[in-house]
Each structure stands twice: as structure tokens, then as C-alpha cells.
J.: 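Following this message is one structure expressed as C-alpha cells.
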Amino acid sequence: MATPLSDTSLSPLKTVAVVGLGTMGTGITEVLAKAGREVVGIDISEAAAAQAVAALESSTARAVARGRLTEQERADALARVRTSTDLRAAADVDLVIEVAPESYEIKHQIFRELDGIVRPETILATGTNALSVTRLAADSARPERVLGLHFFNPAPAMKLVEVVSSVLTAPTAVTAVTNLALDLGKEPVAVGDRPGFVADGLLFGYLNQAAAMYEAKYASREDIDAAMRLGCGLPMGPLALLDLIGIDTARTVLDAMYTESRDRLHAPAPILKQLSEAGLTGRKSGRGFYTYEAPGSATVVRDALTPLEGAAPTPGRTVRSVGVAGSGTMASGIAEVFAKAGYDVVLAARSEEKAQAAKARIGKSLSRSVDKGRMTAEAAAQTLDRITAAGGYDAFADVDLAVEAVAEDLDVKRQLFAALDKVCKPGAVLATTTSSLPVVACARATSRPQDVIGMHFFNPAPAMKLVEVVRTVLTADDVHATVREVCATIRKHAVDCGDRAGFIVNALLFPYLNNAIKMVQEHYASLDDIDAAMKLGGGYPMGPFELLDVVGLDVSLAIEKVLHREFRDPGLAPAPLLEHLVAAGCLGRKTGRGFREYARR
């Protein structure tokens, strides 16, 4: 019978052994030493142990130079660290944190040896982000003292720590390491044992889809990464992040997740296997999705796939005046963007009253810019003067580019394009801002499908830098070139993609949001813990539930249904919890209640 942990596990964990002195192990050692813990760093390689000490000396010296540590604090922290190549150096510690390579065989061997070395009450923590904590614990002599303690890289900077319990873990062990994490200045999140836990469980599915999107030649690596940085505010694009994590590591995590979930979204994209087996594992090897200056370098260098800079092969059409169809927030935002860039703009709605209201909204937006010192009152007045409000689409007779921003309803859009076909002059470019509907269906409503293209702006259009430029199989080369040139003029970053559901951003974003809902639905983690995990562990500006409530649960459900219908993947089926909330009228901030409740204004 297993011996229960004694109450001494509730006292501060003063001495810690870190097994595995790679980047993560060295980072954890630094965090512990700075927080006053005595640390034994253990690695089978003397060179790795020496390299870890050198890295600690260098990192703490930088901290002193930046005023984050005093010389005395640095000296004290370094004095608290000793290294060894023998696991027996962990004999008297209170806690062991294992961060060896992601291999059951290696980790099992370490845990078996530790069983015969450490004291009965010593807690054994694995730093795995992919393997089963339960499986590791089950083979231990004292499974109740085994748990997961998942730090994020770089450990000194990242605040999140996932505390992973198996069904065998003693609550006292969880309490002890949670208190330690708090004492280290970290934010611990308690999670159960499933591959990827919360942060990586959501992150790696998204990374895998991005790799598959690139492999399918749907969009370039640069456009996929730029789309997610600029469209979602992420610190890095998914392919650059895969190179940083290590493509071999990502494949291991996804393999473990797929073995558990059998969700096709977790089945590693074939390109991950191909790159791994070719030794192209990312930054550490000097080449992955991108090519780097040297192994370990963060500096990307040109290679055969880097797009050429300079003039487009096909010249675009001349655009002097722009028509914007619609009267909502998106339409007025797009009209403001074009007017600020010097274009003459016709803002047309179904009635003069709606058009004037949209123009008035632009006036208020420009006034706010003046108040914040972003533009002069004179420039704001000139911008507003360039906009003509019209109560019908006949006013588009002379525009060179017509951009529709009406309701996300295919019948409504098709009717509008049929009307634009009759009104707009020959050679005018017709663009739709749809985020989820087929652009070609809008094109087929006209007699000139070659002139139709997607220009997917992001809300709020004046602030968001991204435009997804969506070509159909019928779009003319000079129409594509025209829109690219216009995007440059209005100072937006254009990314090219084909005409399929979700384009780049929504096709990668909404499955991630849907998987977060499934985690809550399955009672795996709370809203707050998931939001905290993605902000602290993934660098996301908002957690998934914050974002869902801002976007609107009805909008989110509609996009997820479109993705599911197009790709026919069971893993993309909208989470029932989302459907229930929408059916109940809980649509997010706009109704005062979504996943959370909001104060009525």
C-alpha cells in the first residue's frame, strides 16, 4: 500500500533538484536560485552542466546590468546552485523537477532511479508537456508524490506554470508545489492529466493547422505568419513559433495528443514529419520553415522561398475614387481608411438617412483622432469632405473600386453584386469584405466575375493593419495587382489567400476557440484558468473566452458552422455549449451575457 505524504510537504520546498540542464532546466534553475532555493542541477553530460552554469552567470550578469539584481543578489543566487552528473546528488532534496527529453523510456528510467535515492516524502515533478503524468506516476514506487509541473520557455520570463495532477496525486503535493510556484512569482493553474494540458493543448492544434495550411500551398509562410500577428495581435506567427519550439518537439506533442484524442486536428501534418526526419527542426538546426543565419540564431535570412521585393509582374488599374456599400461599423471604418489615404469616397446605404448616420460616425472617429493628437483638425475636416453620403448605389457609377461591407448573408451580398454589376462602369474592381462566405458566389452574381475579389478588412478597420486579399479562380491578374497596390496606398498589410472558408485568420482562429469551449464543456478547466493560460503561456492579448464574448457568440457560431460545412472535419463541429448559449440569447458583451456576465451600461 502506498505511503501517504506527510504534513512536512506543506512546508516550503527549500531544496530542489533539476534533472536535465537544457534550456528549460537551466531557466528553471535560475528562477529557483533567484527565489532563495538551494538547487542541484543534474545532467548526464558534464558539458551540459558546465554550459548551464555559464548560461546562469551570463543571464544574471545581464540582470545586474539592467538593474534587476544587485551584485550581492547575483552572487548569492549563483552560490545556491551546484551541479552534478549523478542522480544521487538529489538524495536530500525536497522536490525533484525532471525536464529530460520527451521520451517515456528516459523519464521512466529517471523516476525508477529516483525511487531508490530520494526521501519518502520528496515530491517528484515532471516537466513534460506531452506525455501522460499518470503513466509516469503509475510506475513509481510512490505514485501519490508524482505530479506535473509545466513551466513555459523562457522560464525566467514566462509567468504561467501548469500544476498537473493525476488521479493518484496526493492533494498535499499539489498544495506544496502550488505554493512554491506562487513564491517564485509565477501564476499556477491547476489542470488534469491530458496531453498538452491547457496551453499546449490549445496551442499545438492551431500550430498543426497552420503547418497543414502551408503544406497545402494555400498561403505563403510569410503571409500565414503576418496574418496571425496582425489579425490576432499574436507576438509571433505560427510557423515562426514552430521553428522556435522545435519542429521535432511539436511533432512529439501532437503525436501524444492524437494518440489520446484521435482528433484529426491533432494528427501531425506530414510536413512536420518530413522536416523533422530531414533534420530541419527550426532555429536550433538553422533551418525549418524559415532559414536562419546559423544554428541557434533568431535572424531569418533569404532563401529560395523568400518573396522577391519590387514591382508586381502585372500592373494594376488606376483607382482614384472608391465606393463603400453599407452603413455599419465596418463600412464606416473602411470609408474612413480610404478617405484618410486621399481617395474620394462615396459611402452608400439603402437610405440617405443611414448613409448620413454612417458619415456622422466617421466624423466622431476623426474628432477622437484630433483629440488624441493623431491628426490635425484641418486634416480631419479635409478627410470628412472627401466622403459623399448617398442613399443608393447609383452613386457608384463613376467609382474605380467598389467595396461592399453589408450583412454577412450570401443572398444579400449576391443581390448587391448584381446591382453593382449594372451600376458600376466597365473596368471597375468589385470587392467583398466577407469573412466566411465564398467570394466566387458573389462574382457569379455579376457578368464580370474576373473583376471580383475579396478584401477582408478587420474590425476596427482604421486601427487593424491586415487585409486578406482573396482571389477566386476567375479573378484577373490586374484586379489582384490593383488591390495589392491600393492596400499599400492605404497603409495596410495585404496577405494573399485562396477562396475557401475562413481564409487564413478565421480558419486558424476559430477551431482554437472551439477547442477552448470543449475544454470547459468537458469540465477540464475553468474559463478563468484557460484565459490565464493562453495569455500567460501563449502571449495572447486576450484569452479565448474574452475574445469570444467580444466577437459575439452568434458570429463565432456562424463562422464555425461554415468551417465545419466546408472542411467536413468532425473536429470542427461547433461545441454544443456554444450552440446552447446562442440559443439562449447569451451572445457576449453586446447582450450583457456570454461566457461571462457584463454590467449593463
Side-chain angles (χ1 to χ4, degrees), residues 202 205-206 209-210 212-213 218-219 224 227-228 230-234 238 263-265 326 328-330 404-414 432-442 454-461 464 466-470 495 497-521 534 540 542-583 585-591 594-595:
L202 293 176
Y206 150 71
Q209 283 185 284
M213 181 181 278
Y218 175 66
I224 291 170
M228 298 314 291
L230 299 174
C232 297
L234 300 180
D263 185 335
R264 276 164 49 192
L265 297 178
T329 307
M330 182 60 86
E404 72 76 15
V406 298
E408 191 74 346
D409 179 299
L410 189 55
D411 289 336
V412 172
K413 290 187 187 291
R414 284 175 58 85
T432 171
T433 60
T434 182
S435 63
S436 60
L437 301 174
V439 176
V440 75
C442 297
M455 279 185 83
H456 179 214
F457 288 80
F458 287 74
N459 209 7
M464 299 294 280
L466 182 70
V467 175
E468 290 177 318
V469 178
V470 187
V495 296
C497 51
D499 185 21
R500 73 179 202 189
F503 311 135
I504 298 174
V505 174
N506 287 346
L508 296 178
L509 174 65
F510 280 90
Y512 149 77
L513 296 174
N514 199 40
N515 284 337
I517 300 168
K518 289 176 184 175
M519 278 188 176
V520 168
Q521 188 177 280
M534 297 317 295
Y540 282 62
M542 300 177 83
F545 297 101
E546 289 177 86
L547 183 56
L548 281 159
D549 279 353
V550 168
V551 170
L553 272 55
D554 51 340
V555 174
S556 302
L557 178 60
I559 293 171
E560 288 178 8
K561 283 181 174 177
V562 168
L563 291 172
H564 184 223
R565 191 162 58 241
E566 175 132 342
F567 296 109
R568 312 287 180 90
D569 190 322
L572 295 175
L577 176 57
L578 179 62
E579 295 184 303
H580 296 330
L581 287 168
V582 172
C586 301
L587 308 182
R589 287 192 183 179
K590 59 189 173 187
T591 60
F595 283 97

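Computed from a predicted structure; not experimentally measured. In what follows, every heavy atom counts, from backbone to side chain, and hydrogens, waters and symmetry copies are set aside.
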J.: If you measure from CG on L509 to CE on M228, what distance do you get to the nearest 0.5 Å?
T.: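 Rounded to the nearest 0.5 Å, the CG-CE separation comes to 5.5 Å.
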
J.: Tell me, with the steps shown, if R500 and F567 meet side chain to side chain contact (heavy atoms under 4.5 Å, CB included).
T.: CA-CA 9 Å; R500 73 179 202 189; F567 296 109; 3.7 Å; yes

J.: Is a donor on one side and an acceptor on the other found under 3.5 Å between the side chain of E404 and the backbone of K413?
T.: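 Absent.
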
J.: For the atom pair CG (L548) and CG (L513), what is the distance rounded to the nearest 0.5 Å?
T.: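 So the gap between those two atoms works out to 4.5 Å.
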
J.: Kindly determine whether V582 and E579 satisfy side chain to side chain contact (heavy atoms under 4.5 Å, CB included), including the steps that lead there.
T.: CA-CA 5 Å; V582 172; E579 295 184 303; 5.9 Å; no

J.: Check whether any side-chain N or O of D263 sits under 3.5 Å from a backbone N or O of G571 as a donor-acceptor pair, and report yes or no.
T.: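 Not a single qualifying donor-acceptor pair exists.
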
J.: How long is the straight-line distance from CG of L508 back to CG of L234, given to the nearest 0.5 Å?
T.: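 Interatomic distance, L234 CG to L508 CG, rounded to 0.5 Å: 10.0 Å.
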
J.: Is there a side-chain contact between N514 and L572 (heavy atoms, below 4.5 Å)?
T.: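 When only atoms from C-beta onward are counted, L572 and N514 do not touch, as no gap falls below 4.5 Å.
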
J.: Could you check whether any side-chain heavy atom of N515 comes within less than 4.5 Å of a side-chain heavy atom of L265, counting everything from C-beta outward?
T.: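 The answer is yes, as the side chains (C-beta and beyond) meet within the 4.5 Å cut-off.
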
J.: What is the minimum heavy-atom distance between Q521 and L577, and which atoms define it?
T.: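 Reported closest heavy-atom pair: OE1-N, 2.9 Å.
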
J.: Do F595 and I517 come close enough that some side-chain heavy atom pair is under 4.5 Å?
T.: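 F595 reaches I517 side chain to side chain.
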
J.: Heavy atoms only: give me the nearest S436-I559 pair and the separation to one decimal.
T.: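 Scanning both residues, the minimum pair turns out to be CB-CG1, 4.4 Å.
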
J.: Are the side chain of R414 and the backbone N or O of A441 linked by a donor-acceptor pair below 3.5 Å?
T.: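 Looks like yes, one N/O pair under 3.5 Å.
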
J.: Quick one: side-chain hydrogen bond (donor to acceptor under 3.5 Å, both in side chains) partners of E560, sequence neighbours excluded?
T.: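 Checked E560 against side-chain hydrogen bond (donor to acceptor under 3.5 Å, both in side chains); zero matches.
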
J.: Specify the closest pair of heavy atoms between A405 and T433, including all atoms of both residues, with the distance to one decimal.
T.: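 Scanning both residues, the minimum pair turns out to be CA-OG1, 3.4 Å.
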
J.: Nearest 0.5 Å please: distance from the CD atom of E546 over to the OH atom of Y540.
T.: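 Here the interatomic distance stands at 13.5 Å.
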
J.: Using every non-hydrogen atom in the two residues, find where E566 and A501 come nearest and quote the distance to one decimal.
T.: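 That would be OE2-N, 3.2 Å.
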
J.: To check you understand the geometry: which heavy-atom pair defines the closest contact between D554 and L587, and what is its length?
T.: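 Scanning both residues completely, I find the closest heavy atoms to be OD2-CD1, 3.8 Å.
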
J.: How long is the straight-line distance from SG of C442 back to CG of L437, given to the nearest 0.5 Å?
T.: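 L437 atom CG to C442 atom SG measures 7.0 Å (nearest 0.5 Å).
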
J.: Sort out for me which residue in V505, N459, N506 forms a side-chain contact (heavy atoms from CB on, under 4.5 Å) with S435.
T.: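 It is N506, the one option of V505, N459, N506 that forms the side-chain contact (heavy atoms from CB on, under 4.5 Å) with S435.
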
J.: So which atom in M542 and which in V550 form the shortest heavy-atom distance, rounded to 0.1 Å?
T.: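 Looking at all heavy atoms of both residues, the shortest contact is CE-CG2, 3.5 Å.
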
J.: Looking at side-chain heavy atoms only, is the closest gap between L557 and K561 below 4.5 Å?
T.: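 The answer is yes, as the side chains (C-beta and beyond) meet within the 4.5 Å cut-off.
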
J.: Please examine the side chains of V555 and F510, heavy atoms only from C-beta on, and report whether any two atoms are closer than 4.5 Å.
T.: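 No, their side chains stay 4.5 Å or more apart.
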
J.: Got E408 and T434 here, is their nearest side-chain heavy-atom distance under 4.5 Å?
T.: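 Result yes, sub-4.5 Å side-chain heavy-atom pair found.
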
J.: Would a distance-only check, ignoring hydrogens and angles, find a side-chain to backbone donor-acceptor pair under 3.5 Å from Y218 to C497?
T.: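 Checking the backbone N and O of C497 against the side chain of Y218, no donor-acceptor pair under 3.5 Å is found.
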
